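What follows is one structure encoded as C-alpha coordinates, with my remarks underneath.
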Number of protein chains: 2
Amino acid sequence: MAEHKRRKPGETRDKLMGAALELVGKGRHFASLGIREVTRQAGVVPTSFYRHFRNMDDLGLQLVDELGLVLRRMMREARANVLQAERLMEESVAIFISHVQQNRSFFLFMAQGLAGESRAVQEGIRSELRFFASELGNDLRRLRLAEHLSDSDLELTCDLVVRTVAFSLTDLIGVSPDDDYQIEQVRKRTTRFLQLIFVGAAHWKVSGQPGSAR
Amino acid sequence: MAEHKRRKPGETRDKLMGAALELVGKGRHFASLGIREVTRQAGVVPTSFYRHFRNMDDLGLQLVDELGLVLRRMMREARANVLQAERLMEESVAIFISHVQQNRSFFLFMAQGLAGESRAVQEGIRSELRFFASELGNDLRRLRLAEHLSDSDLELTCDLVVRTVAFSLTDLIGVSPDDDYQIEQVRKRTTRFLQLIFVGAAHWKVSGQPGSAR
DNA sequence: CCTCGATGTGTACAGTTGTTCACTTGATGT
DNA sequence: ACATCAAGTGAACAACTGTACACATCGAGG
(Lines give C-alpha, C1' and ligand atoms only; values in the text may rest on other atoms or scores of the structure.)
Protein backbone atom coordinates (compact mmCIF):
# COMPACT_ATOMS: atom_id res chain seq x y z
CA MET A 1 0.00 0.00 0.00
CA ALA A 2 3.05 2.26 -0.27
CA GLU A 3 3.24 5.16 -2.69
CA HIS A 4 4.32 3.94 -6.09
CA LYS A 5 6.02 6.83 -7.86
CA ARG A 6 9.67 7.36 -8.58
CA ARG A 7 12.03 9.41 -6.33
CA LYS A 8 9.81 11.63 -4.22
CA PRO A 9 6.22 10.87 -5.04
CA GLY A 10 4.56 13.83 -6.70
CA GLU A 11 7.66 15.95 -6.27
CA THR A 12 7.30 17.57 -9.66
CA ARG A 13 3.57 17.85 -9.25
CA ASP A 14 4.05 19.86 -6.06
CA LYS A 15 6.74 21.96 -7.69
CA LEU A 16 4.33 22.83 -10.49
CA MET A 17 1.49 23.77 -8.17
CA GLY A 18 3.94 25.70 -6.00
CA ALA A 19 5.27 27.52 -9.04
CA ALA A 20 1.79 28.58 -10.10
CA LEU A 21 1.14 29.86 -6.60
CA GLU A 22 4.43 31.76 -6.58
CA LEU A 23 3.49 33.52 -9.78
CA VAL A 24 0.09 34.40 -8.35
CA GLY A 25 1.87 35.66 -5.24
CA LYS A 26 3.98 37.93 -7.42
CA GLY A 27 0.86 39.66 -8.68
CA ARG A 28 0.05 37.63 -11.75
CA HIS A 29 -3.49 36.45 -12.36
CA PHE A 30 -3.96 32.72 -12.52
CA ALA A 31 -6.00 32.99 -15.71
CA SER A 32 -3.07 34.59 -17.49
CA LEU A 33 -0.56 31.88 -16.63
CA GLY A 34 0.64 29.52 -19.34
CA ILE A 35 1.95 26.00 -19.13
CA ARG A 36 5.42 26.94 -20.25
CA GLU A 37 5.58 29.81 -17.82
CA VAL A 38 4.67 27.57 -14.90
CA THR A 39 7.09 24.82 -15.85
CA ARG A 40 9.84 27.38 -16.30
CA GLN A 41 9.19 28.77 -12.83
CA ALA A 42 9.20 25.24 -11.45
CA GLY A 43 12.52 24.46 -13.11
CA VAL A 44 11.02 21.60 -15.07
CA VAL A 45 10.78 20.79 -18.73
CA PRO A 46 7.41 21.72 -20.31
CA THR A 47 6.51 18.16 -21.16
CA SER A 48 6.49 17.14 -17.54
CA PHE A 49 3.38 19.21 -17.02
CA TYR A 50 1.25 16.69 -18.89
CA ARG A 51 2.36 13.85 -16.62
CA HIS A 52 0.33 15.44 -13.82
CA PHE A 53 -2.27 17.78 -15.30
CA ARG A 54 -4.41 17.83 -18.38
CA ASN A 55 -4.26 21.61 -18.64
CA MET A 56 -4.14 24.72 -16.48
CA ASP A 57 -7.74 24.39 -15.38
CA ASP A 58 -6.92 20.97 -14.03
CA LEU A 59 -4.04 22.39 -12.05
CA GLY A 60 -6.40 25.06 -10.76
CA LEU A 61 -8.85 22.43 -9.57
CA GLN A 62 -6.14 20.60 -7.67
CA LEU A 63 -5.10 23.90 -6.11
CA VAL A 64 -8.66 24.34 -4.89
CA ASP A 65 -8.37 20.99 -3.15
CA GLU A 66 -5.22 22.09 -1.38
CA LEU A 67 -6.93 25.36 -0.55
CA GLY A 68 -9.54 23.30 1.23
CA LEU A 69 -6.85 21.88 3.47
CA VAL A 70 -5.55 25.35 4.29
CA LEU A 71 -9.03 26.49 5.21
CA ARG A 72 -9.58 23.47 7.43
CA ARG A 73 -6.31 24.10 9.25
CA MET A 74 -7.43 27.65 9.85
CA MET A 75 -10.80 26.47 11.14
CA ARG A 76 -9.14 24.08 13.54
CA GLU A 77 -6.91 26.77 14.93
CA ALA A 78 -9.88 29.09 15.32
CA ARG A 79 -11.84 26.47 17.20
CA ALA A 80 -8.91 25.83 19.52
CA ASN A 81 -8.23 29.47 20.30
CA VAL A 82 -11.64 31.06 20.54
CA LEU A 83 -12.77 30.15 24.00
CA GLN A 84 -14.57 33.21 25.30
CA ALA A 85 -17.62 34.28 23.37
CA GLU A 86 -17.12 38.03 23.70
CA ARG A 87 -13.84 38.17 21.86
CA LEU A 88 -14.97 35.55 19.35
CA MET A 89 -15.06 37.83 16.37
CA GLU A 90 -11.91 39.76 17.15
CA GLU A 91 -9.92 36.59 17.56
CA SER A 92 -11.42 34.86 14.55
CA VAL A 93 -10.62 37.76 12.27
CA ALA A 94 -7.12 37.96 13.74
CA ILE A 95 -6.58 34.28 13.02
CA PHE A 96 -7.90 34.74 9.50
CA ILE A 97 -5.56 37.64 8.82
CA SER A 98 -2.63 35.75 10.21
CA HIS A 99 -3.36 32.77 7.99
CA VAL A 100 -3.70 35.02 4.99
CA GLN A 101 -0.23 36.35 5.69
CA GLN A 102 1.19 32.87 6.06
CA ASN A 103 -0.49 31.55 2.91
CA ARG A 104 -0.78 34.73 0.95
CA SER A 105 -0.66 33.11 -2.48
CA PHE A 106 -3.36 30.61 -1.62
CA PHE A 107 -5.76 33.29 -0.56
CA LEU A 108 -4.89 35.44 -3.56
CA PHE A 109 -5.69 32.45 -5.71
CA MET A 110 -8.99 32.08 -3.92
CA ALA A 111 -9.93 35.71 -4.39
CA GLN A 112 -9.05 35.48 -8.08
CA GLY A 113 -10.88 32.23 -8.59
CA LEU A 114 -14.22 33.55 -7.39
CA ALA A 115 -14.45 35.52 -10.61
CA GLY A 116 -11.96 33.48 -12.56
CA GLU A 117 -12.45 32.01 -15.98
CA SER A 118 -12.75 28.35 -15.09
CA ARG A 119 -16.31 27.56 -14.15
CA ALA A 120 -15.15 24.47 -12.27
CA VAL A 121 -12.68 26.41 -10.13
CA GLN A 122 -15.33 29.00 -9.35
CA GLU A 123 -17.72 26.33 -8.22
CA GLY A 124 -15.00 24.62 -6.21
CA ILE A 125 -14.16 27.76 -4.28
CA ARG A 126 -17.80 28.62 -3.73
CA SER A 127 -18.31 25.15 -2.40
CA GLU A 128 -15.43 25.63 0.05
CA LEU A 129 -17.02 28.85 1.24
CA ARG A 130 -20.38 27.16 1.68
CA PHE A 131 -18.77 24.42 3.71
CA PHE A 132 -17.01 27.00 5.82
CA ALA A 133 -20.25 28.83 6.47
CA SER A 134 -22.05 25.68 7.47
CA GLU A 135 -19.28 24.72 9.90
CA LEU A 136 -19.46 28.20 11.36
CA GLY A 137 -23.17 27.66 11.87
CA ASN A 138 -22.53 24.42 13.69
CA ASP A 139 -20.05 26.11 15.98
CA LEU A 140 -22.40 28.93 16.82
CA ARG A 141 -25.12 26.43 17.64
CA ARG A 142 -22.73 24.44 19.81
CA LEU A 143 -21.65 27.55 21.68
CA ARG A 144 -25.32 28.44 22.23
CA LEU A 145 -24.75 31.81 20.57
CA ALA A 146 -27.64 31.67 18.12
CA GLU A 147 -30.47 30.10 20.01
CA HIS A 148 -33.16 32.50 18.85
CA LEU A 149 -32.37 32.05 15.14
CA SER A 150 -34.07 29.56 12.88
CA ASP A 151 -31.84 27.25 10.90
CA SER A 152 -32.32 29.23 7.74
CA ASP A 153 -31.67 32.56 9.45
CA LEU A 154 -28.53 31.19 11.04
CA GLU A 155 -27.43 29.97 7.65
CA LEU A 156 -28.10 33.40 6.20
CA THR A 157 -26.04 35.07 8.88
CA CYS A 158 -23.09 32.74 8.53
CA ASP A 159 -23.10 33.11 4.78
CA LEU A 160 -22.96 36.87 5.15
CA VAL A 161 -20.13 36.58 7.65
CA VAL A 162 -18.10 34.39 5.34
CA ARG A 163 -18.71 36.68 2.39
CA THR A 164 -17.64 39.69 4.37
CA VAL A 165 -14.43 38.06 5.48
CA ALA A 166 -13.78 36.80 1.97
CA PHE A 167 -14.32 40.25 0.52
CA SER A 168 -11.76 41.65 2.90
CA LEU A 169 -9.25 39.70 0.81
CA THR A 170 -9.63 42.33 -1.87
CA ASP A 171 -8.53 44.89 0.71
CA LEU A 172 -5.49 42.83 1.62
CA ILE A 173 -4.55 42.42 -2.04
CA GLY A 174 -3.98 46.13 -2.40
CA VAL A 175 -1.69 46.22 0.63
CA SER A 176 1.95 45.24 0.85
CA PRO A 177 2.33 42.02 2.91
CA ASP A 178 4.44 43.82 5.51
CA ASP A 179 2.55 47.06 5.82
CA ASP A 180 1.47 46.19 9.33
CA TYR A 181 -0.43 49.40 9.88
CA GLN A 182 -2.70 48.96 6.89
CA ILE A 183 -3.26 45.31 7.68
CA GLU A 184 -4.27 46.29 11.17
CA GLN A 185 -6.77 48.73 9.69
CA VAL A 186 -8.32 45.98 7.59
CA ARG A 187 -8.45 43.71 10.62
CA LYS A 188 -10.27 46.31 12.73
CA ARG A 189 -12.69 47.19 10.00
CA THR A 190 -13.53 43.57 9.21
CA THR A 191 -14.09 42.93 12.90
CA ARG A 192 -16.54 45.81 13.08
CA PHE A 193 -18.35 44.50 10.03
CA LEU A 194 -18.86 41.21 11.79
CA GLN A 195 -20.00 42.90 14.97
CA LEU A 196 -22.52 44.87 12.97
CA ILE A 197 -23.82 41.70 11.39
CA PHE A 198 -24.12 39.96 14.74
CA VAL A 199 -26.00 42.86 16.26
CA GLY A 200 -28.35 42.49 13.33
CA ALA A 201 -28.67 38.76 13.91
CA ALA A 202 -29.31 39.30 17.61
CA HIS A 203 -32.30 41.53 16.86
CA TRP A 204 -33.50 39.62 13.82
CA LYS A 205 -37.19 38.73 13.74
CA VAL A 206 -38.41 35.43 12.42
CA SER A 207 -37.71 34.98 8.72
CA GLY A 208 -38.13 38.34 7.13
CA GLN A 209 -38.93 41.90 7.96
CA PRO A 210 -42.48 43.10 8.59
CA GLY A 211 -43.96 44.23 5.32
CA SER A 212 -41.52 42.31 3.18
CA ALA A 213 -42.65 38.80 4.00
CA ARG A 214 -44.12 37.20 0.89
CA MET B 1 -15.05 73.08 -29.49
CA ALA B 2 -16.29 70.25 -31.67
CA GLU B 3 -14.78 66.77 -31.65
CA HIS B 4 -11.75 66.69 -33.86
CA LYS B 5 -11.23 63.10 -34.96
CA ARG B 6 -11.84 61.51 -38.31
CA ARG B 7 -15.13 59.82 -39.33
CA LYS B 8 -16.78 58.87 -36.09
CA PRO B 9 -14.59 60.05 -33.26
CA GLY B 10 -13.29 57.13 -31.26
CA GLU B 11 -15.25 54.64 -33.30
CA THR B 12 -12.46 52.10 -33.28
CA ARG B 13 -11.64 52.87 -29.69
CA ASP B 14 -15.20 52.01 -28.69
CA LYS B 15 -15.11 48.91 -30.84
CA LEU B 16 -11.97 47.75 -29.04
CA MET B 17 -13.38 48.36 -25.58
CA GLY B 18 -16.60 46.73 -26.62
CA ALA B 19 -14.74 43.74 -28.00
CA ALA B 20 -12.87 43.26 -24.73
CA LEU B 21 -16.16 43.41 -22.86
CA GLU B 22 -17.74 40.90 -25.23
CA LEU B 23 -14.93 38.45 -24.57
CA VAL B 24 -15.31 38.95 -20.83
CA GLY B 25 -19.03 38.41 -21.28
CA LYS B 26 -18.30 35.11 -23.00
CA GLY B 27 -16.55 33.86 -19.89
CA ARG B 28 -12.98 34.88 -20.57
CA HIS B 29 -10.96 36.62 -17.90
CA PHE B 30 -9.75 40.08 -18.73
CA ALA B 31 -6.22 39.27 -17.57
CA SER B 32 -5.98 36.52 -20.16
CA LEU B 33 -6.94 38.67 -23.13
CA GLY B 34 -4.30 39.64 -25.64
CA ILE B 35 -4.06 42.59 -27.97
CA ARG B 36 -4.44 40.50 -31.10
CA GLU B 37 -7.42 38.67 -29.69
CA VAL B 38 -9.23 41.89 -28.88
CA THR B 39 -8.49 43.52 -32.22
CA ARG B 40 -9.65 40.36 -33.99
CA GLN B 41 -12.91 40.40 -32.06
CA ALA B 42 -13.33 44.07 -32.92
CA GLY B 43 -12.73 43.42 -36.62
CA VAL B 44 -9.75 45.73 -36.67
CA VAL B 45 -6.13 45.31 -37.63
CA PRO B 46 -3.80 44.74 -34.64
CA THR B 47 -1.83 47.90 -35.19
CA SER B 48 -4.89 50.05 -34.63
CA PHE B 49 -4.82 49.10 -31.00
CA TYR B 50 -1.82 51.31 -30.34
CA ARG B 51 -3.57 54.36 -31.72
CA HIS B 52 -5.82 54.34 -28.67
CA PHE B 53 -4.17 52.34 -25.89
CA ARG B 54 -0.66 51.82 -24.67
CA ASN B 55 -1.39 48.23 -23.64
CA MET B 56 -4.16 46.08 -22.17
CA ASP B 57 -3.88 47.62 -18.74
CA ASP B 58 -4.54 51.00 -20.29
CA LEU B 59 -7.66 49.67 -21.96
CA GLY B 60 -8.70 48.25 -18.61
CA LEU B 61 -8.33 51.62 -16.97
CA GLN B 62 -10.51 53.26 -19.57
CA LEU B 63 -13.08 50.52 -19.04
CA VAL B 64 -13.11 51.41 -15.36
CA ASP B 65 -13.98 54.96 -16.32
CA GLU B 66 -16.92 53.78 -18.40
CA LEU B 67 -17.89 51.50 -15.56
CA GLY B 68 -18.14 54.60 -13.43
CA LEU B 69 -20.74 55.99 -15.83
CA VAL B 70 -22.75 52.78 -15.66
CA LEU B 71 -22.73 52.89 -11.90
CA ARG B 72 -23.82 56.51 -11.85
CA ARG B 73 -26.72 55.76 -14.20
CA MET B 74 -27.75 52.98 -11.87
CA MET B 75 -27.55 55.29 -8.88
CA ARG B 76 -29.71 57.88 -10.61
CA GLU B 77 -32.35 55.31 -11.42
CA ALA B 78 -32.31 54.05 -7.85
CA ARG B 79 -32.73 57.54 -6.48
CA ALA B 80 -35.65 58.20 -8.81
CA ASN B 81 -37.49 54.96 -8.05
CA VAL B 82 -36.96 54.42 -4.37
CA LEU B 83 -39.54 56.66 -2.80
CA GLN B 84 -40.88 54.74 0.16
CA ALA B 85 -38.39 53.84 2.84
CA GLU B 86 -39.82 50.42 3.69
CA ARG B 87 -39.21 48.87 0.31
CA LEU B 88 -35.92 50.73 -0.11
CA MET B 89 -33.72 47.67 0.01
CA GLU B 90 -35.94 45.42 -2.05
CA GLU B 91 -36.18 47.97 -4.82
CA SER B 92 -32.53 48.92 -4.73
CA VAL B 93 -31.42 45.34 -5.06
CA ALA B 94 -33.95 44.79 -7.84
CA ILE B 95 -32.58 47.78 -9.72
CA PHE B 96 -29.05 46.51 -9.20
CA ILE B 97 -29.90 43.08 -10.54
CA SER B 98 -31.65 44.55 -13.53
CA HIS B 99 -28.66 46.71 -14.37
CA VAL B 100 -26.37 43.73 -14.02
CA GLN B 101 -28.48 41.92 -16.58
CA GLN B 102 -28.43 44.87 -18.94
CA ASN B 103 -24.69 45.42 -18.58
CA ARG B 104 -23.57 41.95 -17.71
CA SER B 105 -20.09 42.27 -19.18
CA PHE B 106 -19.38 45.49 -17.35
CA PHE B 107 -20.19 43.98 -14.02
CA LEU B 108 -18.28 40.82 -14.81
CA PHE B 109 -15.32 43.02 -15.59
CA MET B 110 -15.79 44.77 -12.27
CA ALA B 111 -15.92 41.50 -10.34
CA GLN B 112 -12.79 40.29 -12.11
CA GLY B 113 -10.95 43.55 -11.64
CA LEU B 114 -11.26 43.54 -7.85
CA ALA B 115 -8.71 40.72 -7.77
CA GLY B 116 -7.26 41.33 -11.21
CA GLU B 117 -3.62 41.64 -12.05
CA SER B 118 -3.43 45.36 -12.77
CA ARG B 119 -2.95 47.25 -9.56
CA ALA B 120 -4.27 50.41 -11.19
CA VAL B 121 -7.53 48.76 -12.28
CA GLN B 122 -8.00 47.29 -8.81
CA GLU B 123 -7.59 50.70 -7.25
CA GLY B 124 -9.90 52.27 -9.82
CA ILE B 125 -12.69 49.84 -9.07
CA ARG B 126 -12.21 50.11 -5.34
CA SER B 127 -12.43 53.84 -5.71
CA GLU B 128 -15.71 53.52 -7.60
CA LEU B 129 -17.07 51.37 -4.80
CA ARG B 130 -15.95 53.87 -2.18
CA PHE B 131 -17.68 56.64 -4.07
CA PHE B 132 -20.81 54.57 -4.32
CA ALA B 133 -20.78 53.89 -0.59
CA SER B 134 -20.34 57.54 0.24
CA GLU B 135 -23.23 58.55 -2.02
CA LEU B 136 -25.34 55.89 -0.36
CA GLY B 137 -24.47 57.46 2.98
CA ASN B 138 -25.56 60.87 1.75
CA ASP B 139 -28.88 59.47 0.59
CA LEU B 140 -29.55 57.75 3.87
CA ARG B 141 -28.81 60.96 5.72
CA ARG B 142 -31.08 62.91 3.41
CA LEU B 143 -33.91 60.43 3.87
CA ARG B 144 -33.44 60.68 7.64
CA LEU B 145 -32.92 56.94 7.86
CA ALA B 146 -29.73 56.96 9.86
CA GLU B 147 -30.14 59.69 12.39
CA HIS B 148 -28.78 57.76 15.34
CA LEU B 149 -25.54 56.78 13.61
CA SER B 150 -22.32 58.71 13.81
CA ASP B 151 -20.68 59.62 10.54
CA SER B 152 -18.11 56.89 10.86
CA ASP B 153 -20.69 54.25 11.77
CA LEU B 154 -22.83 55.26 8.84
CA GLU B 155 -19.80 55.00 6.61
CA LEU B 156 -19.09 51.56 8.01
CA THR B 157 -22.62 50.40 7.32
CA CYS B 158 -22.70 51.70 3.78
CA ASP B 159 -19.36 50.14 3.00
CA LEU B 160 -20.65 46.79 4.20
CA VAL B 161 -23.79 47.18 2.12
CA VAL B 162 -21.81 47.94 -1.01
CA ARG B 163 -19.47 45.02 -0.39
CA THR B 164 -22.37 42.67 0.10
CA VAL B 165 -24.02 43.73 -3.11
CA ALA B 166 -20.73 43.56 -4.96
CA PHE B 167 -20.07 40.07 -3.67
CA SER B 168 -23.43 38.95 -4.98
CA LEU B 169 -21.88 39.43 -8.40
CA THR B 170 -19.95 36.24 -7.83
CA ASP B 171 -23.28 34.49 -7.39
CA LEU B 172 -24.58 35.92 -10.62
CA ILE B 173 -21.47 34.85 -12.49
CA GLY B 174 -22.24 31.20 -11.87
CA VAL B 175 -25.77 31.58 -13.20
CA SER B 176 -26.91 31.67 -16.79
CA PRO B 177 -28.16 35.17 -17.71
CA ASP B 178 -31.64 33.87 -18.44
CA ASP B 179 -32.10 31.50 -15.56
CA ASP B 180 -34.74 33.71 -14.02
CA TYR B 181 -35.39 31.44 -11.10
CA GLN B 182 -31.81 31.40 -9.88
CA ILE B 183 -31.46 35.13 -10.40
CA GLU B 184 -34.56 35.64 -8.32
CA GLN B 185 -32.97 33.53 -5.57
CA VAL B 186 -29.90 35.73 -5.58
CA ARG B 187 -32.07 38.82 -5.48
CA LYS B 188 -34.02 37.60 -2.46
CA ARG B 189 -30.95 36.47 -0.62
CA THR B 190 -29.09 39.71 -1.23
CA THR B 191 -32.11 41.65 -0.04
CA ARG B 192 -32.18 39.68 3.17
CA PHE B 193 -28.47 40.31 3.67
CA LEU B 194 -29.12 44.02 3.48
CA GLN B 195 -32.06 43.80 5.83
CA LEU B 196 -29.89 41.95 8.30
CA ILE B 197 -27.25 44.65 8.06
CA PHE B 198 -29.79 47.41 8.57
CA VAL B 199 -31.27 45.72 11.60
CA GLY B 200 -27.74 45.67 12.91
CA ALA B 201 -27.26 49.34 12.13
CA ALA B 202 -30.56 50.23 13.79
CA HIS B 203 -29.45 48.66 17.06
CA TRP B 204 -25.83 49.68 16.80
CA LYS B 205 -24.36 51.34 19.87
CA VAL B 206 -21.89 54.18 19.65
CA SER B 207 -18.63 53.06 18.01
CA GLY B 208 -17.91 49.60 19.27
CA GLN B 209 -19.43 46.78 21.22
CA PRO B 210 -19.39 46.69 25.02
CA GLY B 211 -16.38 44.75 26.17
CA SER B 212 -14.49 45.13 22.92
CA ALA B 213 -13.88 48.88 23.07
CA ARG B 214 -10.15 49.51 23.45
C1' DC C 1 -5.54 74.79 -51.85
C1' DC C 2 -2.40 72.64 -49.37
C1' DT C 3 -0.13 71.09 -45.41
C1' DC C 4 -0.53 68.71 -41.01
C1' DG C 5 -1.77 65.58 -37.66
C1' DA C 6 -4.70 62.02 -36.29
C1' DT C 7 -6.58 57.58 -37.66
C1' DG C 8 -6.45 53.27 -40.07
C1' DT C 9 -3.90 49.47 -42.99
C1' DG C 10 -0.41 45.83 -44.64
C1' DT C 11 3.72 43.55 -44.00
C1' DA C 12 7.25 41.79 -41.38
C1' DC C 13 9.90 39.56 -37.61
C1' DA C 14 11.65 37.52 -33.68
C1' DG C 15 10.04 35.35 -29.56
C1' DT C 16 6.65 32.43 -27.19
C1' DT C 17 3.00 29.32 -26.97
C1' DG C 18 0.65 24.48 -26.54
C1' DT C 19 1.29 19.94 -27.84
C1' DT C 20 3.37 15.66 -29.95
C1' DC C 21 6.74 12.06 -30.32
C1' DA C 22 10.44 9.03 -29.45
C1' DC C 23 13.53 8.33 -25.94
C1' DT C 24 15.81 7.42 -21.14
C1' DT C 25 15.54 6.16 -16.40
C1' DG C 26 14.87 3.79 -12.26
C1' DA C 27 11.83 1.77 -8.77
C1' DT C 28 8.56 -2.13 -8.16
C1' DG C 29 6.18 -6.56 -8.17
C1' DT C 30 6.82 -11.27 -9.05
C1' DA D 1 16.55 -11.16 -12.37
C1' DC D 2 13.89 -9.07 -15.32
C1' DA D 3 9.90 -7.13 -17.57
C1' DT D 4 6.82 -3.28 -16.64
C1' DC D 5 5.41 1.11 -16.36
C1' DA D 6 5.01 5.72 -14.33
C1' DA D 7 7.98 9.78 -14.33
C1' DG D 8 11.20 12.74 -16.65
C1' DT D 9 13.82 14.53 -20.96
C1' DG D 10 14.86 16.85 -25.46
C1' DA D 11 13.94 18.17 -30.03
C1' DA D 12 10.56 19.63 -33.12
C1' DC D 13 6.46 22.17 -35.20
C1' DA D 14 2.92 25.01 -36.56
C1' DA D 15 0.30 28.60 -34.62
C1' DC D 16 0.11 32.59 -32.37
C1' DT D 17 1.93 36.67 -29.84
C1' DG D 18 3.47 41.76 -29.20
C1' DT D 19 5.46 45.34 -31.52
C1' DA D 20 7.75 48.18 -35.26
C1' DC D 21 7.79 50.50 -39.61
C1' DA D 22 6.31 52.55 -43.81
C1' DC D 23 2.42 53.88 -46.03
C1' DA D 24 -2.63 55.42 -47.24
C1' DT D 25 -6.53 58.38 -46.17
C1' DC D 26 -9.03 62.07 -44.72
C1' DG D 27 -10.72 66.39 -41.94
C1' DA D 28 -9.55 70.71 -40.30
C1' DG D 29 -7.02 75.19 -39.97
C1' DG D 30 -4.22 78.32 -42.17
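These values consider heavy atoms only, across backbone and side chains, with no hydrogens, waters or symmetry-generated copies. Remember, it's a predicted structure, so these values are computed and weren't measured experimentally. In what follows, chains carry the letters A, B, and so on, assigned in the order in which the sequence lines appear, proteins first and then strands, with residues in each chain numbered from 1.
Rounded to a whole Å, the CG atom of Asp14(B) is 12 Å from the P atom of dT7(C). Rounded to whole Å, atom P of dT7(C) lies 15 Å from atom NZ of Lys15(B). Between the CZ atom of Arg13(B) and the P atom of dG8(C) there is a distance of 11 Å, rounded to whole Å. Atom CD in Glu11(A) sits about 14 Å away from atom C1' in dG26(C), given to the nearest Å. Separating the CZ atom of Arg36(B) from the C1' atom of dT9(C) is a distance of 13 Å, rounded to the nearest angstrom. Atom CG in Asn55(A) sits about 16 Å away from atom C1' in dT20(C), given to the nearest Å. As a whole-Å value, the separation of Phe53(B) CZ from dG8(C) P is 10 Å. Rounded to an integer number of Å, the gap from Arg51(B) CZ to dT19(D) P is 15 Å.
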Exercise for the section: Could you check Arg119(B) against Asp57(B) for salt bridge (charged side-chain N to carboxylate O under 4.0 Å, His left out), going step by step and ending with a plain yes or no? Expected result: CA-CA 9 Å; Arg119(B) 195 58 70 94; Asp57(B) 278 5; over 6 Å; no

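Side chain of Thr190(A) to backbone of Val186(A): a donor-acceptor contact under 3.5 angstrom is found.
Between the side chain of Thr47(B) and the base of dG8(C), no donor-acceptor pair of N or O atoms lies under 3.5 Å.
The phosphate of dA20(D) (OP1 or OP2) has no side-chain N or O of Tyr50(B) nearer than 4.0 angstrom. The phosphate of dA6(D) has neither OP1 nor OP2 within less than 4.0 Å of any side-chain N or O from His52(A). Between dT16(C) and Arg40(A), no contact under 4.0 Å exists linking OP1 or OP2 to a side-chain N or O.
Between Phe167(B) and Phe167(A), the ring-plane angle classifies as tilted under the 30° and 60° cut-offs. The aromatic rings of His29(A) and His29(B) sit tilted, their planes meeting at an angle between 30° and 60°.
Nearest-nucleotide mapping onto DNA chain D: of Glu37(B) and Ser48(A), the residue sitting toward the 5' end is Ser48(A).
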